[in-house]
Amino acid sequence: MNAATGSTIKHHAAQIVAGDRRALARAITLIESTRADHRRQAEALIEELLPHSGRSLRIGISGPPGVGKSTFIEAFGQHAIGEGRRLAVLAVDPSSRLSGGSILGDKTRMEALSRSEAAFIRPSPAGLTLGGVARRTREALLVCEAAGFDLIIVETVGVGQSETAVAEMVDLFLVLLLPGGGDDLQGIKRGIMELADILVVNKADGDLKMAADRAAADVANALGLMQPRHAGWRAEVLRTSALKQTGIAEVWVKALAFEETLKGSGAFDAQRRDQAKAWLWHELSDSLIEALKADPHVAAKLGNLEAKVGAGKMAPGTAAQELLASFLNR
Ligand code: GDP
C-alpha cells in the first residue's frame with residue numbers, strides 16, 4: 001500500500017472516530033466488498049481503528065422466524081437509547097445469499113430505531129457463505145465501536161450454524177422463544193439453549209400470556225439441568241411483550257448484571273481474548289483455503305481427484321494429502 005493510500009485511510013479512520021456516519025457506512029461497504037484491493041484497504045482501516053474499538057457491550061439475539069426479533073430489538077434498543085446508549089444493529093443471515101437479505105433488508109423493520117440519531121442499522125452482507133458473513137460482521141462490529149456505538153446487537157435467525165458464529169463474536173447471547181411449551185421446547189435445539197446467557201419468552205401478552213408463563217417454567221426447568229456457560233452466571237428466563245413493551249427494562253437490567261458479573265470475575269475479558277484468538281484461526285483457515293483454491297498446481301489436480309473421491313475410488317483423506325503435497329511443494 002502506498003503512502004497516499006495510507007494517509008487516505010488515516011483520514012477515513014479519523015472521520016469514523018469523529019462520528020461521521022457517512023464515513024462509517026463507507027467503511028462497512030469497503031469491508032463487504034470482495035475486491036482484493038478493497039480487502040487490503042479494509043484491513044488497513046481496521047488496524048487503524050482497533051485501538052478505538054472494544055468499548056461496547058456486544059449482544060447476540062437469536063430466535064425462530066416470527067418470534068418477534070425485530071419488534072424486540074426496536075423496543076429494547078429504544079429503551080437502551082433512553083438510558084443514554086448508542087446502538088448499532090448488525091445481522092448475520094447466510095440465507096441472504098439466496099434471497100438477497102431476509103433479515104433487516106426490509107426498511108419498515110425497526111422504524112423508530114432507523115429514524116434515531118443514536119442508532120445505526122445495517123442489514124446482513126449478502127452473497128457470501130456463513131464464514132464470509134461472520135467475518136464481515138465481526139469487522140463491521142469493530143468499526144461501529146470505533147464510531148462510538150457502545151451497544152452492539154448482532155441479530156441472527158435461529159437456524160443452522162449462524163447462532164454459533166454469532167455467539168463467537170458477542171459478550172452476551174440472548175435467545176428469544178415463543179410461548180408454548182412441551183417436552184421439545186418448540187424444537188429449540190439443546191445446543192442453542194447451552195449458548196444462551198439470557199432466554200426471553202416473547203409475546204407474553206393477551207391470550208398468549210398463560211402459554212408464555214408455562215413456557216418460561218419449562219425452560220427454567222430444562223436450564224436447571226445444564227452446565228452454566230460462564231462461572232458465576234446461571235442463564236435465566238424472562239418474559240416480555242415486545243409489542244406492548246413490557247418486561248423490556250428487566251431484560252436491560254439483566255444484561256447489565258451479566259456484564260457486571262463477568263467483568264468482576266475476569267470472565268468478560270477472558271472471553272474476548274479467546275474470541276480474538278478463535279477469529280485469528282478462522283482467518284487463517286479461510287485464507288489458506290482461498291490460497292489453496294487459487295493455486296495452479298492444486299487446480300490442475302483437483303477435478304480428477306474430486307471425481308475419484310466422488311466415485312469411491314479414492315479415500316478423501318488420501319486426496320487431501322495429495323493436494324496439500326502439491327500445494328506445499330510448488
Ligand atoms: P421476527 O421474524 O423474529 O423478526 O419477528 P417480528 O418482529 O417481525 O414479529 C413477527 C410478528 O409477531 C409480527 O406480526 C409482530 O407484530 C408480532 N409480535 C412481535 N412481538 C410481539 C409480542 O410481544 N406480542 C405479540 N402479541 N405479537 C408480537
Side-chain angles (χ1 to χ4, degrees), residues 59-81 87-116 119-126 133 137 152-163 165-167 170 172-181 185-189 192-193 195-196 198-219 236-255:
I59 302 182
I61 294 188
S62 166
V67 67
K69 289 181 293 299
S70 58
T71 314
F72 179 86
I73 293 170
E74 171 100 331
F76 184 75
Q78 281 178 278
H79 180 83
I81 288 170
L87 165 70
V89 184
L90 307 172
V92 168
D93 178 12
S95 70
S96 66
R97 235 175 129 192
L98 307 171
S99 63
S102 66
I103 58 178
L104 295 180
D106 176 357
K107 285 222 163 44
T108 58
R109 296 178 94 230
M110 304 179 202
E111 236 176 292
L113 279 184
S114 51
R115 281 196 306 269
S116 168
F120 177 82
I121 303 182
R122 186 79 181 187
S124 181
V133 173
T137 306
I152 314 277
I153 289 180
V154 185
E155 177 187 7
T156 189
V157 242
V159 289
Q161 295 297 307
S162 54
E163 276 131 334
V166 171
V170 298
L172 187 171
F173 196 70
L174 189 153
V175 174
L176 287 177
L177 303 167
L178 285 163
L185 296 170
Q186 324 143 57
I188 297 292
K189 291 148 282 170
I192 301 314
M193 299 264 295
L195 288 178
I198 297 177
L199 293 115
V200 174
V201 180
N202 189 39
K203 307 199 182 186
D205 53 44
D207 293 345
L208 294 169
K209 176 106 191 26
M210 299 268 282
D213 292 347
R214 270 200 311 278
D218 286 352
V219 174
E236 282 191 53
V237 194
L238 299 173
R239 279 156 290 174
T240 58
S241 167
L243 202 61
K244 305 252 184 300
Q245 306 190 4
T246 57
I248 301 293
E250 286 76 3
V251 179
W252 176 244
V253 167
K254 194 60 79 185

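Computed from a predicted model, the values in this text were never measured in an experiment. Read the numbers this way: they start at 1 and go in the same order the structure lists the ligands and their atoms.
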Tell me: protein heavy atom nearest atom 4 (O) of ligand 1, and distance? Arg109 NH2, 2.8 Å
Protein residue, atom and distance nearest to atom 8 (O) of ligand 1, heavy-atom basis: Ser70 OG, 3.4 Å
Answer yes or no: is there a side-chain heavy-atom contact under 4.5 Å between Leu113 and Gln78? yes
Got a protein heavy atom sitting under 4.0 Å from atom 25 (C) of ligand 1? yes
Of all the non-hydrogen atoms in the protein, which one sits nearest to atom 23 (O) of ligand 1, and at what distance? Ala242 N, 2.8 Å
Leu243 contact mode with ligand 1 (heavy-atom cut-off under 4.0 Å): both
closest protein heavy atom to atom 12 (O) of ligand 1 is Lys203 NZ, 3.0 Å
Under 3.5 Å, side chain of Lys69 to main-chain N/O of Pro64, donor-acceptor pair present? yes
Looking at Glu155 and Val89, would you say the former's side chain and the latter's main chain have a donor-acceptor pair under 3.5 Å? no
Atom 7 (O) of ligand 1: the protein heavy-atom neighbour that sits closest, reported with distance to 0.1 Å: Thr71 OG1, 2.6 Å
Go through the steps to decide whether Asp213 and Lys209 satisfy the test salt bridge (charged side-chain N to carboxylate O under 4.0 Å, His left out), and finish with yes or no. CA-CA 6 Å; Asp213 292 347; Lys209 176 106 191 26; 3.4 Å; yes
Heavy atoms only: which of Ala75, Pro179, Gly68 is nearest to atom 6 (P) of ligand 1? Gly68
Using modelled atom types only, decide if a donor and an acceptor are shared between the side chain of Glu163 and the backbone of Thr156 within a distance under 3.5 Å. no
Are Asp205 and Ser241 close enough that a side-chain donor and a side-chain acceptor fall under 3.5 Å? yes
Identify, for atom 2 (O) of ligand 1, the protein heavy atom at the shortest distance, and state residue, atom and that distance. Gly66 N, 2.9 Å
Heavy atoms only, cut-off 4.0 Å: how does Val67 contact ligand 1, side chain, backbone, both, or neither? both
Quick one: does any side-chain atom of Asn202 pair with a main-chain N or O of Leu176 as donor and acceptor, under 3.5 Å? no
Gly63 near ligand 1 by a heavy-atom separation under 4.0 Å: no
Answer yes or no: is there a side-chain heavy-atom contact under 4.5 Å between Phe76 and Thr240? no
Return the closest protein heavy atom for atom 20 (N) of ligand 1 as residue, atom name and distance. Asn202 ND2, 3.2 Å
Could you report the tightest heavy-atom contact between Lys203 and Val67, atom names first, then the distance? CE-O, 3.5 Å
For ligand 1, which atoms, with element, lie under 4.0 Å from some heavy atom of Lys69? 1 (P), 3 (O), 4 (O), 5 (O), 7 (O)
Per-atom filter on ligand 1: closer than 4.0 angstrom to a heavy atom of Asp205 are 22 (C), 23 (O), 24 (N), 25 (C), 26 (N)
